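The structure appears below as structure tokens.
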Amino acid sequence: TVSKNIDDCVANINGEMGAGQGAGDSCSDYSLDGNFNLLYAVCQGPSGSTNTSIKISDYFTLSAFDQQNNKYTSISCKQ
């Protein structure tokens, strides 16, 4: 299993997920779309709770390919 913490790559910017760090402090109720391309969340902003989403491939990338086992062994932040 390869995993990455959302706090490493995504920030809460006035109630919208964006580039940065620490979204886990003020965003919750995460869900994925059926194709695992979009990540949805509810983030706290200046006017209260906001529904927001990001395209996962804009923020995360597979890295460290293990040729011997033919699989990726790490996920990195894109920014």
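By convention here, the first residue in the shown sequence is residue 1. Just so you know, these numbers use all the heavy atoms, side chains as well, and skip hydrogens, waters and symmetry mates. None of these values were measured; they are calculated from a predicted model.
Counting only distance, with no hydrogens or angles, the side chain of Asn12 and the backbone of Gln44 share a donor-acceptor pair below 3.5 Å. In this structure, the side chain of Asp33 engages the main chain of Leu38 through a donor-acceptor pair within 3.5 Å. Side chain of Lys4 to main chain of Cys77: no donor-acceptor pair is present (N/O by atom type, distance under 3.5 Å, no hydrogens or angles). Without hydrogens or angle criteria, Asp66 side chain to Tyr72 main chain gives no donor-acceptor distance under 3.5 Å. Looking at Thr52, its side chain does come within 3.5 Å of a backbone N or O of Met17 through a donor-acceptor pair.
With a 4.5 Å cut-off on side-chain heavy atoms, Ser57 and Phe60 do not count as touching. Within the 4.5 Å cutoff, the side chain of Cys43 has no heavy atoms near those of the Ser26 side chain. At a threshold of 4.5 Å between non-hydrogen side-chain atoms, the residues Ile6 and Leu39 count as touching. No side-chain heavy atom of Gln21 sits under 4.5 Å from any side-chain heavy atom of Asp7.
Atom CG in Asn14 sits 9.0 Å away from atom OG1 in Thr50 (nearest 0.5 Å). Between atom CG of residue Asn70 and atom CZ of residue Phe65 there is a gap of 4.0 Å, rounded to the nearest 0.5 Å. The CG atom of Asn37 lies 7.0 Å from the CD1 atom of Ile56; values are rounded to the nearest 0.5 Å.
Taking hydrophobic clusters as Ile, Leu, Val, Met, Phe, Trp and Tyr residues chained together by side-chain heavy-atom distances below 4.5 Å, Leu62 shares a cluster with Tyr59. Ile75 and Tyr30 fall within a single hydrophobic cluster, where Ile, Leu, Val, Met, Phe, Trp and Tyr side chains are chained together by heavy-atom contacts under 4.5 Å.
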